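To keep things clear, I will list the structure first and then write my remarks on it.
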Amino acid sequence: MTSQHSSGQRDGLPIRDWYAAAERPKPIRDRYAKLEKLTELGVPAYSYSFDPTDDLTSALGRYEDDSEGIRVRVAGRLESLRDMGKSAFAHLGDRSGRLQVYFRQDDLSELDREIRKLLDLGDWIGVEGELFRTRTGEVTIRVESLELLAKSMRPLPLGKTEVTDDGESVVHSGFADVESRYRQRYADLAVNPEVRAVFMTRARIISALRAKLDREGYLEVETPVLQPLYGGAFARPFTTHHNSLDRKLFLRIADELYLKRLVVGQLDRVYEIAKNFRNEGIDRTHNPEFTMLELYRAYADYRTMMDTAEELVTEAALAVSGELQVSYDGHIVDLARPWARIPFFEAIENFGGFDARSADTDELRRRVQGAGRSDAAGLSRTKLLDVIFSEWVEPELVNPTIVFDYPIEMSPLAKPKRGDPELAERFEVIVAGTELVNAFSELNDPIDQWERFSEQVAQRAAGDEEAQTLDEDYVRALEYGLPPTGGLGLGIDRLVMLLTDRSTIREVILYPIMRDDESD
RNA sequence: GACCGGGUAGCUCAGCUGGCAGAGCAACGGACUUUUAAUCCGUAGGUCGUGGGUUCGAAUCCCACCCCGGUCACCA
């Protein structure tokens, strides 16, 4: 949408004429006419402040039966209006909920009557009056004074809310178009209370995790988003450029390497809740920018991290609903501890029915090809195992399952397993078919780390764009000495999806990425 | 990236065997001082995603493109 807006103009018109122009939808022209009328009356359409005594839900809660005369002063957005001439009922809405207000002509000043007639759905108003219960039983404010806080110049796509006999709210002809909802999230939030609820839950989850980690003595830190080298995960990065340094920079794909440097520096328990950026495809479980919790704890290994993972997720679930049984995508997921724990190769044996560890690469390839993957010929043993795991095992795991002891080639930042150096002390938590947590005993041997980085560099040279780069400064940090450390990454967006029963990541990200809107 | 579905009034949608572009809600005018999907009477509202083509005539058929969703592929 490109508009001409030089020197106070909009589409070549003085801005006031723009609102009144015939091309505007009628509701916008009407609202502008009301705005002018308000101005004539000397009523400011955009006020500066208001002091409510309560939010709408707590105002409602102050009413007790037979308790007439409770006076409240509240503010909110006009969500419905039933005008009966000399009186009118309306609902105000805010973050907490909605509350009915009753305008009675005889209760209002002459000016307030005029203002009331000029109200539109979507306007922000403040009212003051006493609570009472209507004939039909709804607690309502009898408005005695009215203040316009902000005029709405554009009709919100408000539906009509029907409250059925069993107390359910049904919205008729609401705002459902997915594309418009994401592009105009403000309208989505304004009109769909269940969308607001998702993001309030998201905030509760994050603060529960933060509170838990703070209690456990973890220090919250911030590490760079702009990095000269990227690392800590397998992914392609976004690149950018710093002008005055004249230097290429990457947006982080993970904060892992920076956090572990802090443990070297004796900040022995650290965490960060951070946006990561990965230059990859977009689908139901992937947004190019997403939020991840990473934490590192000195003297711990992956066994401790398994407990930590269980604690964090159950803590978050309890903060949301007080329950550990959550319904997700049509089935019940039981988050109660302890979670099932199963070694990686045993999981493949259980669900795939063969011993992948002793199978040679050709056999793995045959099996992957047999499952209809045409690209199997070009895949390395590591990638084949990855495919086998995600095709045969992940979809089967509904309740949280700790899958541990991954092949070491898949885990260049994890310590070799004690007594079995072909495996790494690494685990993932799979819930409802998707990966939620990734954790390991952190590799702290600088010599081993250098060799693992070197292998990654070789793979990169062989064409693997997602292989990691050799971060010499990180190895130097390890040379100073990283204590034995357990680390864990938890995908916040996916956790929110799980706990709010949303099947796409876009429903839990306020502003998911969209293509340019060139459809008009 | 491939295939499928979708884009029509401010919102939710119908119209798609080519023949004057429709409904409900919202809006506007009127009636109604305890309504609640308020009700009743009346009015107005559209580059049918964009561009091209076929046709006497295209929302409808054909081609290209844009955007959204789904499935698959890619990707932790």
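In what follows, every chain begins at residue 1, and chains take the letters A, B, ... in the order their sequences are listed. If you're wondering where the values come from, they're calculated on a predicted model, not measured in any experiment.
The distance between the ring centers of A:Phe344 and A:Phe389 falls below 6.0 angstrom.
Distances from the side chain of A:Tyr102 to the nucleotides B:rU34, B:rC28, B:rC32 place B:rU34 closest. Among B:rU35, B:rG10, B:rU33, the nucleotide with an atom closest to any side-chain atom of A:Arg104 is B:rU33. With B:rC32, B:rA27, B:rU35 as the candidates, the nucleotide lying closest to the side chain of A:Thr134 is B:rU35. Of the listed nucleotides (B:rU35, B:rA37, B:rC28), B:rA37 has the atom at the smallest distance from the side chain of A:Lys160. When distances run from any side-chain atom of A:Lys86 to the nucleotides B:rC32, B:rA37, B:rC68, the shortest one goes to B:rC32.
Classification of A:Glu138 and A:Arg133 as a salt-bridged pair fails, no side-chain N sitting under 4.0 Å from a carboxylate O.
Distance CG (A:Leu119) to P (B:rC28): 11 Å, rounded to an integer number of Å. One atom, NZ of A:Lys37, and another, P of B:rC28, lie 11 Å apart when rounded to the nearest Å. In this structure, the CZ atom of A:Arg29 is 15 Å from the C1' atom of B:rA26, given to the nearest Å. Straight-line distance from the OH atom of A:Tyr19 to the C1' atom of B:rG10: 15 Å, rounded to whole Å. Between A:Ile28 atom CD1 and B:rG10 atom P there is a gap of 9 Å when expressed in whole angstrom units. Between A:Met410 atom CE and B:rC75 atom P there is a gap of 12 Å when expressed in whole angstrom units. When the P atom of B:rU34 is taken as reference, atom CG of A:Leu131 falls 19 Å away, rounded to whole Å. Between the C1' atom of B:rC75 and the CZ atom of A:Phe238 lies a distance of 13 Å, rounded to the nearest Å.
Residues that satisfy the side-chain hydrogen bond (donor to acceptor under 3.5 Å, both in side chains) test with A:Asn279, not counting sequence neighbours, are absent from this structure. Among residues two or more places apart in sequence or in another chain, the ring pair (Phe, Tyr, Trp, His ring centres under 6.0 Å) test is passed with A:Phe250 by A:Tyr230. With sequence neighbours excluded, no residue forms a side-chain hydrogen bond (donor to acceptor under 3.5 Å, both in side chains) with A:Thr500. Evaluation of the side-chain hydrogen bond (donor to acceptor under 3.5 Å, both in side chains) rule for A:Glu36 yields A:Tyr32 as partners, not counting sequence neighbours. Applying the side-chain hydrogen bond (donor to acceptor under 3.5 Å, both in side chains) rule to A:Arg494 yields no partners; only residues at least two apart in sequence or on another chain are considered.
For B:rC48 and B:rC4, the C1' atoms lie 23 Å apart once the distance is rounded to whole Å. Rounded to a whole angstrom, the distance from the C1' atom of B:rA38 to that of B:rA26 is 15 Å. One P atom belongs to B:rA64, the other to B:rG5, and the distance between them is 15 Å to the nearest Å. Rounded to a whole angstrom, the distance from the C1' atom of B:rU47 to that of B:rG7 is 15 Å. Spacing of C1' atoms, B:rA44 relative to B:rA23, comes out at 16 Å, to the nearest Å. Between B:rU50 and B:rA58, the distance separating the two C1' atoms is 16 Å to the nearest Å. When the C1' atom is compared between B:rG22 and B:rG46, the two are found 11 Å apart, to the nearest whole Å. Between B:rC56 and B:rG18, the distance separating the two P atoms is 15 Å to the nearest Å.
Counting atom types as modelled, A:Arg142 pairs a side-chain N or O with a base atom of B:rU34 as donor and acceptor under 3.5 Å. Side chain A:Gln100 to base B:rU35: a donor-acceptor pair is found below 3.5 Å. Scanning atom types as modelled, no donor and acceptor separated by under 3.5 angstrom connect the side chain of A:Arg135 and the base of B:rU34.
Counting non-hydrogen atoms of neighbouring residues, nucleotides and ligands closer than 6.0 angstrom, the CD atom of A:Glu396 exceeds 12 such neighbours. Within 6.0 Å of the CD atom in A:Glu110, the count of heavy atoms belonging to other residues, nucleotides or ligands does not exceed 12.
Pairs passing the ring pair (Phe, Tyr, Trp, His ring centres under 6.0 Å) check and including a residue from residues 117-162 of chain A, sequence neighbours excluded, read A:Tyr102-A:Phe132. Applying the salt bridge (charged side-chain N to carboxylate O under 4.0 Å, His left out) definition to pairs two or more places apart or across chains, those involving residues 144-162 of chain A are A:Arg71-A:Glu144, A:Asp120-A:Lys151, A:Asp123-A:Lys151. Listed by first then second residue, pairs satisfying side chain to side chain donor-acceptor pair (under 3.5 Å) with a partner in residues 426-437 of chain A read A:Tyr406-A:Glu428, A:Ser411-A:Arg426, A:Arg426-A:Glu428, A:Arg426-A:Asn438, not counting sequence neighbours. Sorted by first and then second residue, the salt bridge (charged side-chain N to carboxylate O under 4.0 Å, His left out) pairs with a member in residues 271-281 of chain A read A:Arg252-A:Glu272, A:Lys275-A:Glu289; sequence neighbours excluded.
Residues from residues 111-118 of chain A with heavy atoms under 4.0 angstrom of RNA chain B: there are none.
In terms of heavy atoms, A:Ala439 sits closest to A:Met305 at CB-CB, 4.3 Å.
Contacts of A:Phe103 with the nucleic acid, taken as non-hydrogen atoms under 4.0 Å apart, are absent. Note on A:Asp386: a base of the nucleic acid sits closer than 4.0 angstrom, heavy atoms only. The residue A:Ala233 sits apart from the nucleic acid: no heavy atom pair falls under 4.0 Å. Base contact: A:Gly85 has a heavy atom under 4.0 Å from a base atom.
A 3.5 Å limit on both hydrogen-bonding distances identifies B:rC72 as the Watson-Crick or G-U partner of B:rG1. Of all nucleotides present, only B:rU43 satisfies the Watson-Crick or G-U wobble test against B:rA27, with each distance under 3.5 Å. Pair check for B:rU34 finds none; no Watson-Crick or G-U wobble contact set falls under 3.5 Å.
Remark: A:Lys34 is in phosphate contact with B:rC28, judged by side-chain N or O atoms under 4.0 Å from OP1 or OP2. Distances shown here put every side-chain N or O of A:Lys26 at or beyond 4.0 Å from the OP1 or OP2 atom of B:rA9. The shortest distance between the side-chain N/O atoms of A:Arg82 and the OP1/OP2 oxygens of B:rU35 is not below 4.0 Å. The side chain of A:Arg31 places no N or O atom within less than 4.0 Å of a non-bridging phosphate oxygen (OP1 or OP2) of B:rA27.
Remark on RNA chain B: of its neighbouring residues A:Asp106 and A:Phe290, the 5'-side contact belongs to A:Asp106, judged by nearest-heavy-atom nucleotide.
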Protein-nucleic acid N or O pairs under 3.5 Å, nucleotides 69-71 of chain B:
from	atom 1	to	atom 2	distance (Å)
B:rG69	OP1	A:Arg506	NE	3.4
B:rG69	OP1	A:Arg506	NH1	3.4
B:rU71	OP1	A:Arg284	NH1	2.5
B:rU71	OP2	A:Arg284	NH1	3.2

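Between the side chain of A:Thr401 and the main chain of A:Asn399, a donor-acceptor pair closer than 3.5 Å is present.
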Which letter, B, S or -, goes with each nucleotide of nucleotides 11-16 of chain B from 5' to 3', with contact meaning a protein heavy atom under 4.0 Å?
SS----
